[in-house]
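Structure record follows, encoded as structure tokens.
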Amino acid sequence: MLRGSPERELAAWWEAEAVAATKAQAAKEQVRVDPGAAGEPERKAGEEQPKEPVPATPCAAEEGDARIPPRPPPTLPVSLAKPEPASGLCPHGKSRIKGRSCKRSSGQPDEYCSLRPVTVDSSKARTSLDALKISIRQLRWKEFPFGRRLPCDIYWHGVSFHDNDIFSGQVNKFPGMTEMVRKITLSRAVRIMQNLFPEEYNFYPRSWILPDEFQLFVAQVRMVKDGDPSWKPTFIVKPDSGCQGDGIYLIKDPSDIRLSGTLQSRPAVVQEYICKPLLIDKLKFDIRLYVLLKSLEPLEIYIAKDGLSRFCTEPYQEPSPKNLHHIFMHLTNYSLNIHSGNFIHSDSTSTGSKRTFSSILYRLSSKGVDIKKVWSDIISLVIKTVIALTPELKVFYQSDIPAGRPGPTCFQILGFDILLMKNLKPILLEVNANPSMRIEHEQELSPGVFENVPSLVDEEVKVAVIRDTLRLMDPLKKKRESHFPDICMDRKDRFSPVSERMSSLKLQLSKLSIVRSQLLGKPLASKENPPHSDLASASRGNANPDAHLPSICLKQVFPKYAKQFNYLRLVDRMANLFIRFLGIKGTMKLGPTGFRTFIRNCKLSSSSLSMAAVDILYIDITRRWNSMTMDQRDSGMCLQAFVEAFFYLAQRKFKMLPLHEQVASLIDLCEYHLSLQDEKRLVCGRSGISSGSRLQPSATPQEAAPPAPPAEGRPQPCTDGAHKVSHSRHTLS
């Protein structure tokens with residue numbers, strides 16, 4: 001993009017027009033001119049016309065410029081790049097832009113004389129490959145479908161973080177995410193939050209983990225039935241490692257013989273079944289929403305503005321012994337219902353057995369439903385669920401990518417399955433670490449003969465999610481903005497109003513507009529579209545790489561609403577304490593020495609809690625959790641065991657308070673004592689670096705005055721905004 005005053009812009013344009021006719025032929029004879037200067041990509045003699053439109057200026061594409069559709073070569077160049085002979089080309093064979101040399105204003109050489117395209121390794125993409133290819137093509141990035149020896153900017157994995165060994169760049173999976181969203185692990189993470197904030201986490205059905213909690217499940221069901229004989233519950237059993245509806249079934253009583261078979265075969269979760277879902281066309285449905293976890297530290301969450309609604313294929317009836325086995329009535333899994341004879345494939349987004357969520361919202365809105373309230377509740381559910389998952393994700397992250405060692409940065413698209421109840425309250429069914437990104441479906445042509453047919457509904461939603469995820473993770477975005485700072489400027493700042501320009505300048509711009517319209521085949525500018533406006537939009541289009549793309553479909557919800565949800569992040573703060581005392585990089589479990597150090601440094605031992613009692617506490621809790629978890633890679637205390645021990649210590653030290661205030665007070669106390677230790681280390685470090693005088697330098701006022709301890713030597717009950725439960729009641733727009 002040209003810089004400087006409008007007069008300089010005009011001078012550049014007129015100079016290009018004056019020399020183009022005389023130099024164009026000479027330039028072709030002396031050197032091979034960049035194909036973009038002629039308006040079409042260069043092709044060898046006899047080469048076929050490409051099937052897809054090829055951008056007019058490859059060099060401009062690398063710089064992030066908008067591309068002009070192919071057209072017959074004009075007699076004069078139409079881009080802002082000034083065509084020159086060999087002496088006017090940069091050392092890499094690419095034409096220079098007027099007013100910009102091969103070195104930036106800072107004096108540093110530009111690697112390619114323009115911004116290179118973002119590179120994406122798609123060799124491990126698997127089922128999401130088709131949608132990923134479309135997204136990369138729309139972004140005009142560079143794909144490496146078989147990988148390459150040199151590092152890529154982004155690696156797209158189809159299953160997990162460990163699909164490939166990555167030491168740099170960005171990868172679309174977090175380590176440990178697959179383990180964290182399994183049925184049992186998710187239930188445990190949400191249960192911890194339900195113990196702290198029961199009203200805030202009532203969107204997740206009551207759950208029991210089998211076989212460990214089978215006796216507890218039987219006892220609690222019997223107790224409720226004894227208190228209310230009219231209660232006739234239904235329960236849904238979900239295998240821990242199951243997917244796509246595999247192994248799911250409904251029961252009415254814990255004595256069901258199928259349940260005893262599950263206890264012997266594989267771990268599972270049993271939950272209360274939601275008997276009164278919202279129905280559309282008498283069919284039960286769920287919602288698949290796509291959530292981007294952009295970063296763990298700081299936490300960044302985005303939600304796609306549209307999702308998918310998957311419908312059952314049999315009219316819904318409340319569960320009874322007669323219909324418990326009707327999976328097409330009770331289970332919304334697409335992978336199950338597609339095998340039903342009633343499944344309807346439709347290219348319309350508002351009909352069929354798979355529709356867009358926006359079409360459902362439109363239909364509800366036409367019936368007077370408050371759609372903003374529905375979205376607000378869904379956003380709240382998503383943020384709270386991610387807050388429940390992030391503490392252990394941090395432990396996994398520091399284990400696979402320890403601080404100070406080379407490694408990639410991570411992001412991930414999650415699939416949230418949500419059910420709307422009859423009263424429009426959203427219920428979390430599960431979270432998918434690898435949501436399906438296929439954009440085609442199988443269609444049976446004849447008995448036993450299937451063909452993959454494109455699904456327009458899937459493509460509309462999923463391609464937008466992948467494309468805009470890549471846009472948000474663009475590693476060259478900051479470099480591009482620094483290379484073209486005018487992208488970030490407002491239109492009114494780029495060009496002064498017409499009224500402030502001289503009459504002679506108006507005339508010159510009008511003449512320039514006439515010449516340009518003849519070259520581009522555009523109509524003359526009118527009063528509503530003045531000549532300088534056309535020039536401004538052209539300059540802006542050439543510099544903005546996203547000019548041809550629709551607006552981003554992902555909406556940031558955190559940290560946008562952080563003030564309303566930060567009080568829930570108590571376990572996250574506990575995880576930071578846990579990681580601090582792990583000691584050995586790469587480990588995920590706290591040893592007995594680390595636990596004793598935690599107790600000692602945070603001043604938690606007392607006459608009523610000796611270090612011997614601390615050792616017994618560590619052994620009891622660690623032994624019980626190690627017997628429940630499947631991970632036996634290393635011995636020690638896992639994060640969930642540490643959280644249980646922390647709860648125990650908080651209840652001992654701060655009595656007569658709600659649990660979440662007890663925990664928050666103990667966290668404040670621990671962080672206070674650790675901050676004092678950090679300040680002492682800082683002072684000692686500065687003293688050691690001093691000149692070596694025997695007299696130690698006196699502390700500065702800030703160093704001499706450490707943070708004041710909580711009143712009466714301990715934190716008071718949480719009364720500030722960070723711990724008020726009522727904050728999440730606000731409606732999220």
Side-chain angles (χ1 to χ4, degrees), residues 159-160 162 175-195 201 204-222 233-274 324 327 330-331 333 335-336 385 388-389 391-393 395-396 414-417 427-435 588-589 621-644:
V159 178
S160 72
H162 297 286
M177 182 65 80
T178 302
E179 293 82 355
M180 275 307 303
V181 299
R182 282 188 165 186
K183 312 294 191 303
I184 290 179
T185 317
L186 175 64
S187 297
R188 283 176 174 159
V190 174
R191 181 182 297 176
I192 291 175
M193 301 304 297
Q194 287 176 332
N195 292 335
Y201 281 83
Y204 192 70
R206 187 186 305 179
S207 306
W208 296 268
I209 297 170
L210 305 180
D212 298 332
E213 298 175 354
F214 177 71
Q215 297 301 328
L216 177 64
F217 170 55
V218 173
Q220 290 184 347
V221 171
R222 183 182 298 116
T234 302
F235 303 97
I236 183 169
V237 182
K238 303 177 180 179
D240 179 47
S241 58
C243 61
Q244 298 181 345
D246 176 47
I248 298 179
Y249 58 90
L250 274 60
I251 61 174
K252 296 290 290 184
D253 192 87
S255 61
D256 193 300
I257 189 172
R258 290 180 297 171
L259 193 58
S260 60
T262 299
L263 297 177
Q264 298 175 1
S265 59
R266 52 180 175 172
V269 169
V270 57
Q271 296 178 324
E272 288 186 74
Y273 181 75
I274 306 301
L324 282 181
I327 61 173
H330 296 292
L331 303 184
N333 301 75
S335 56
L336 295 177
T385 303
L389 295 174
E392 198 151 359
L393 280 176
V395 178
F396 276 102
L414 303 174
F416 275 66
D417 291 346
I427 299 294
L428 177 65
L429 299 180
E430 62 182 49
V431 180
N432 295 271
N434 300 305
M588 294 183 58
K589 292 188 177 180
I621 294 180
T622 300
R623 183 178 298 168
R624 184 171 67 256
W625 275 94
N626 285 343
S627 65
M628 291 189 298
T629 58
M630 304 296 294
D631 183 13
Q632 301 294 338
R633 288 179 295 179
D634 49 3
S635 60
M637 176 181 279
C638 64
L639 175 62
Q640 292 176 335
F642 178 80
V643 170
E644 180 180 335

Over all atoms of both residues, closest heavy-atom pair of [X] and [Y]:
| X | Y | answer |
| --- | --- | --- |
| A388 | P391 | O-CD, 3.6 Å |
| I184 | D240 | N-OD1, 2.9 Å |
| K589 | G636 | CD-O, 3.6 Å |
| L324 | K252 | CD1-CG, 3.4 Å |
| N432 | V181 | C-CG2, 4.4 Å |

What residues, two or more places apart in sequence or in another chain, satisfy salt bridge (charged side-chain N to carboxylate O under 4.0 Å, His left out) together with R206? E272
Could you list the residues that satisfy salt bridge (charged side-chain N to carboxylate O under 4.0 Å, His left out) with K183, not counting sequence neighbours? E430
Contacts of type side chain to side chain donor-acceptor pair (under 3.5 Å), residue [X], not counting sequence neighbours:
| X | answer |
| --- | --- |
| R191 | E213 |
| S187 | Y204 |
| Q220 | W208 |
| D253 | K225, S255 |

Can you tell me how far apart [atom1] ([X]) and [atom2] ([Y]) are? Round to the nearest 0.5 Å.
| X | Y | atom1 | atom2 | result |
| --- | --- | --- | --- | --- |
| K238 | L186 | NZ | CG | 9.0 Å |
| T385 | F416 | OG1 | CZ | 5.0 Å |
| M180 | L389 | CE | CG | 5.0 Å |
| T178 | F396 | OG1 | CZ | 9.5 Å |
| T185 | E392 | OG1 | CD | 7.0 Å |
| T234 | Q271 | OG1 | CD | 13.5 Å |

Applying side-chain contact (heavy atoms from CB on, under 4.5 Å), can you list everything that pairs with [X], at least two apart in sequence or on another chain?
| X | result |
| --- | --- |
| R222 | V218, D226 |
| I251 | F235, V237, Y249, D256, R258, L259 |
| P239 | I248, R266 |
| A641 | I621, W625, M637, C638 |

Taking C-beta and beyond as the side chain, do N333 and I327 meet within less than 4.5 Å on heavy atoms? no
Please identify each residue that fulfils ring pair (Phe, Tyr, Trp, His ring centres under 6.0 Å) with Y201, with sequence neighbours left out. F203
